[in-house]
Amino acid sequence: MKAPHLLLHAGSFALTDPAGDISAERTTSPQGLIARDTRHLSTWTLTVDGEQPTVLVPVRETDEDSAAVLTAPSARDEPPGWTLFRHQNLCHGRLVERLRFTANTGEALMLNLRLDADADFADQFELRGDHSYEKPGGHRTVEETAEGTAFHYRRADWHASTTITAEPPPAVSTAAGGTRTSLTWTVMLPPHGSTTLVLHALTHSRGARTSPPPPAASTGSKAELQTASAPATEIPLHTPAEHTALAPACHQGLADLTALRIPAEGPEGETVAPPAAGVPWFLTLFGRDSLLTSSFALPYRPELAAATLKALAATQATTTDSARVAQPGKILHEMRHGELAHFRQIPYGRYYGSVDSTPLFLVLLHAHAEQTQDDSLSRHLEPHARAAVHWMFAYGGLDQHGYLTYRADERGLVNQNWKDSEDAVCFTDGSRPVGDIAIAEAQGYAYDALLRTACLARKVWNAPDWAAELEAFAQQLRERFTAQFWMPDQAFPALALDSEGRQVDTLASNAGHLLWSGILDPDRGRATGRRLLESDFFSGWGIRTLASQQRPYHPLSYHRGSIWPHDNALIALGLARYGLHREAASLATALAEAAARYDHRLPEVLAGYPRREGEGPIPYPHACSPQAWAAATPLALLTAVRRATEPRSSTP
């Protein structure tokens, strides 16, 4: 089955089939028009004279919009009498479709056009199919209007709607069972002439700001949307000659990052546009994802970091809420806007089940000031930074355990590091640690966050005594980490410590993040980096999340043997930091070649099978694409390989 076609803009997206139709059939990437975690169109299908048109050219991107070319069903000796040029675009949750019918003969034609439409208002978590949810009192209705049809869904104080209008209005609007509605037109085509219809599907759900209609002169075209979303700062990429294969992946990544930006509020109520995590499942603000994405893009698009920091500062927890794993000062893990989050049937409305978003917030805050040579944002967010540091010590585990730790949230995320699937953190025998877990990479993030915050405290906030305290604790953390996480028999760091201080002995890619943060000393860092390029880790397309030949390894699992581009990006940056430039170049080349097999757009995750002659990278079946930190990965790889040409600096 051909992959669905994607339209994406400002936090809403549509997935259609090759003809531009939408069907509610369940697939790994469900079709529909989705905004704020709700499916606003589950059916959107065209028939002409009672038949589905033949796809002459499947829907594809053009300079202006997405377009398909359809014709009447025909035989070889009976050419079709008409052709339909179908153009679609999406702007702020509004799907606009232009249907241009052209007569292919010298005779006038009369066509009966029918649009079947429905809105099931399914929540994103229902579409994922992991669980079924009761929705007591929820009911759908349909209302005929002079211009078209309006679908409504209500459940207590929750309301969502989809309004369909047309120019010209439909001649007839009739119920087709349930809320499914058929809109029909009689289309008159003059000889060799054309007629155009324009359809609009406007979404609205509880809590959403009403988007203004496009200006009268606006076409809503792709080019127009890209111009409106163009970054304020354009910094050239300057790809090194030996890594020109990265250039198309970088350009595709920048385009995807622009498309993935979503509207959010900053701490003063201002509108900002951070990158969402990915399509189809994570088109929303994610702490860890948005922070790492913005970090990768920082040398080239610093406005992403500013938007992300402001959006996360505005959602920083101020109270304790165990149902959301929130404590004062903690940075958001994810935000959801759908019905199930509203009624707390899922905990993710504002969910804080992440051990690493908070230190990563501090890392990016300093990195932004350092990159831009502008400390105004770090001055403005000083209270949020201080609250984040307070969380790390008082709630995050630094005071109690000496490490950042998390405990399984049985209603939400069992694991609260980046490998957050239930079975991702395990011993080599496959068993899982329990209690308070100190995951390796979070300690590196904490170390880096403390040092960077100390720099801001000393240089920007005029707090030298506090800076000295943070630096002293960071040094103690580094020494403690080396003593307790390093596995001498493997010459490699443990994945985690369990609640009894036992090493979780699986060989995992998390160790590469320690190079990025600099918590390992030079000798251990270089040994770890070289180990990650051995064949049980490095598949030829990238570094696996888990070294093969271990019992828990599975090449098609989410986190136990797959290959994540962003994981590799952090490793590449770490390799460059420790002077392992040849290894960083090998990794960058492999991922650039993998990207080329996907039209230069890296997916969220790849399968962990080894690279073989004549075979491309094997896709992971449920990967998001585009996905933010995968889109930003080529930029991070570019940064890593460019460091080989910079003046040498001492490793950590």
Side-chain angles (χ1 to χ4, degrees), residues 5 7 14 16-23 33 41 43-91 94-117 144-149 163-174 176 181-202 213-225:
H5 181 74
L7 297 165
T16 73
D17 71 9
D21 286 341
I22 290 170
S23 167
L33 170 59
L41 282 179
T43 300
W44 184 263
T45 58
L46 293 178
T47 55
V48 181
D49 293 336
E51 296 183 294
Q52 283 190 316
T54 298
V55 178
L56 189 61
V57 178
V59 63
R60 71 202 189 284
E61 293 292 323
T62 71
D63 290 340
E64 293 298 319
D65 49 26
S66 293
V69 182
L70 313 176
T71 64
S74 61
R76 180 185 295 271
D77 57 351
E78 295 182 6
W82 54 265
T83 300
L84 169 57
F85 297 86
R86 187 177 193 179
H87 295 259
Q88 297 173 322
N89 58 61
L90 186 65
C91 178
R94 180 195 297 263
L95 177 67
V96 180
E97 180 157 337
R98 289 170 174 80
L99 305 175
R100 189 177 85 251
F101 285 90
T102 297
N104 297 326
T105 70
E107 300 178 358
L109 296 176
M110 183 179 73
L111 309 177
N112 293 310
L113 171 66
R114 170 173 156 173
L115 171 68
D116 286 331
E144 292 186 21
T145 69
E147 295 80 18
T149 297
T163 303
I164 299 172
T165 59
E167 306 164 14
V172 180
S173 177
T174 58
T181 298
S182 297
L183 289 76
T184 59
W185 294 260
T186 299
V187 179
M188 305 300 298
L189 293 180
H192 292 299
S194 298
T195 298
T196 299
L197 289 83
V198 181
L199 308 174
H200 295 258
L202 178 63
S218 170
T219 65
S221 70
K222 176 185 173 186
E224 188 176 28
L225 295 178

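Since this is a predicted model, take the numbers as computed values, not measurements.
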What's the verdict on side chain to side chain contact (heavy atoms under 4.5 Å, CB included) for Leu115 and Leu199, showing C-alpha distance, side-chain angles and the deciding distance? CA-CA 10 Å; Leu115 171 68; Leu199 308 174; 4.0 Å; yes
In sequence, state the C-alpha distance, the side-chain angles, and the governing distance for Gln88 and Val96, and then conclude on side chain to side chain contact (heavy atoms under 4.5 Å, CB included). CA-CA 6 Å; Gln88 297 173 322; Val96 180; over 6 Å; no
Donor-acceptor pair, distance only, cut-off 3.5 Å: does the side chain of Thr195 make one with the backbone of Met188? yes
Less than 4.5 Å apart, any side-chain heavy atom of Leu113 and any of Phe101? yes
Judged by modelled atom types alone, do His192 and Thr105 share a side-chain donor-acceptor pair under 3.5 Å? no
If you look only at pairs with a residue in residues 68-81, which of them pass as a salt bridge (Lys or Arg N to Asp or Glu O under 4.0 Å), with sequence neighbours excluded? none
For Leu7 and Leu95, run side chain to side chain contact (heavy atoms under 4.5 Å, CB included): C-alpha distance rounded to whole Å, both residues' side-chain angles, the deciding distance at 0.1 Å, then the answer. CA-CA 9 Å; Leu7 297 165; Leu95 177 67; 3.8 Å; yes
Show your working on side chain to side chain contact (heavy atoms under 4.5 Å, CB included) between Arg100 and His87 and close with a plain yes or no. CA-CA 8 Å; Arg100 189 177 85 251; His87 295 259; 4.0 Å; yes
Indicate yes or no: at least one non-hydrogen side-chain atom of Ile164 is less than 4.5 angstrom from one of Thr181. no
Which value, rounded to the nearest 0.5 Å, describes the distance between Ser74 atom OG and Asn104 atom CG? 9.5 Å
Where is the tightest heavy-atom contact between Leu109 and Gly81, given as atom of each residue plus distance? CD1-O, 3.3 Å
Nearest heavy-atom neighbours spanning Ala19 and Ala68: O-CB, 4.1 Å
Do Met110 and Thr186 have side chains that get closer than 4.5 Å, going by heavy atoms? yes
Determine all donor-acceptor pairs shorter than 3.5 Å in which one atom belongs to a side chain in residues 45-59; sequence neighbours excluded.
unit_1, atom_1, unit_2, atom_2, d
Asp49, OD1, Asn112, N, 2.9

So, for Leu189 and Ala103, which heavy atoms are closest and what is the spacing to 0.1 Å? CD1-N, 3.9 Å
Over all heavy atoms of both residues, which pair between Ala108 and Pro191 is shortest? Give the atoms and the distance, please. N-CG, 3.7 Å
Report the distance from atom OG1 of Thr71 to atom CG of Leu84, rounding to the nearest 0.5 Å. 9.5 Å
Taking atom types as modelled, is there a side-chain donor on His200 or Glu147 under 3.5 Å from an acceptor on the other? no
Looking at Leu197, Asn89, Asp65, which one forms a side-chain contact (heavy atoms from CB on, under 4.5 Å) with Arg98? Asn89
OG-CZ distance between Ser66 and Arg60, expressed to the nearest 0.5 angstrom: 9.5 Å
Does the pair Asp21/Arg86 count as a salt bridge with the N-to-O cut at 4.0 Å? yes
For Thr83 and Thr102, which I'm curious about, is there any donor-acceptor pair between the side chains at under 3.5 Å? no
Okay, side chain of Trp185, backbone of Pro168: is any donor-acceptor separation there less than 3.5 Å? yes
The single option from Asp116, Thr149, Thr174 that satisfies side chain to side chain donor-acceptor pair (under 3.5 Å) with Ser182 is Asp116
